[in-house]
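I have placed the structure first, in the form of structure tokens, so that the comments after it can refer back to it.
All values below come from the heavy atoms of this structure, side chains included, with hydrogens, waters and symmetry mates left out. Letters go in sequence order (proteins before strands), and every chain restarts at 1.
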Amino acid sequence: MVLSYQKKICPFKENQDLIKMIDYKEYKFLRKFLTDQGKIIPGYVTGVSSKYQRLIAKEIKKARNIALLPYHVDPRNV
Amino acid sequence: MSYYETMYIAHPALEGGRLKDLVTSIESSMSNLGGKTCAIDIWGKKKLAYPINKEKYGIYILFQFENDGSNNKEFNLELEHNPNILAYLTTKIDNNKILADLDSLDVQLGLSTTNETDDSAASEEPSESNEADSESDSHDSAASEEPSESNEADSESDSNDSTVSEEPSESNEADSESDSNNSTASEESSESNEADDRNKEEK
């Protein structure tokens, strides 16, 4: 996801069905909120409200624990 | 009583019956601790985001159960001490997240599919010894099917994985083909080099 600092509307408030996608098993969806290096993108960049950003961060950390998402990606190896 | 789910990664070398033994042993250990199994979903072999115990692949298994949470520490300790389990994660879930309409364990592992058993029964009726062969065949078919599924799953997210997994097969196919193709390929490459040389000379 490209880092851009434009004001955005929270995608979870627009589409309520996305809220149940916040789950560590839906790691392909959570990958949208990671940078290429594997860092969690801050909510002020993606436009996600702080309520759901907290949930996303928790689920990403769970997915990292079980090796569904990387802790970090070395750009030299990609 | 509340609902929990444990996702654990089994060793990628486990296949068929041995994987089923592992899954059933963990299920029985949960039942010994007073839990009740709700669902078991086998995701299959997937590439890990980072190597665990020097293993790049792992078999993901989701195990949902109902328990009063007091024994989860002992259950996690059993998973920790099991050498065939690379990693595990136990989380509390809501009632509506319990998976339903899952296939039986044998079908998920590819040990017995209703269609395959019918075919084997129709084609290999005469002797019972063939049944063991058909089972082993189903093992092989399952083993061959699993990687393709994982490739499909990975291709959505990681183009790198699919290319990595496809490349060796393509190279093998190229090797298995007649040498004339390779020679033509090398000739073409030499011709292209010559063409490049001519272009450089013209410049």
Check the orientation of B:Tyr50 and A:Tyr71. Use parallel for under 30°, tilted for 30 to 60°, and perpendicular for over 60°. tilted
What part of A:Ile66 is in contact with chain B, defined as an atom under 4.5 angstrom from a non-hydrogen atom: side chain, backbone, both or neither? both
Might you point out which heavy atoms bring B:Ala49 and A:Pro70 nearest each other, and give the distance in Å? CB-N, 3.5 Å
To check you understand the geometry: which heavy-atom pair defines the closest contact between A:Ala67 and B:Ile9, and what is its length? CB-CD1, 4.3 Å
Where on B:Ile52 is there a heavy atom nearer than 4.5 Å to chain A: the side chain, the backbone, both, or neither? side chain
Bottom line for B:Leu86: the part with an atom under 4.5 Å from chain A's heavy atoms is neither
Would you check if B:Glu5 and A:Lys25 make a side-chain contact, meaning some heavy-atom pair closer than 4.5 Å? yes
If you count heavy-atom pairs within less than 4.5 Å of chain B, which of A:Leu68, A:Asp23, A:Val73 leads? A:Leu68
Contact class of B:Tyr88 relative to chain A, heavy atoms under 4.5 angstrom: backbone
Could you pull out the closest heavy-atom pair between A:Asn65 and B:Leu89, with the gap in Å? ND2-CD1, 3.9 Å
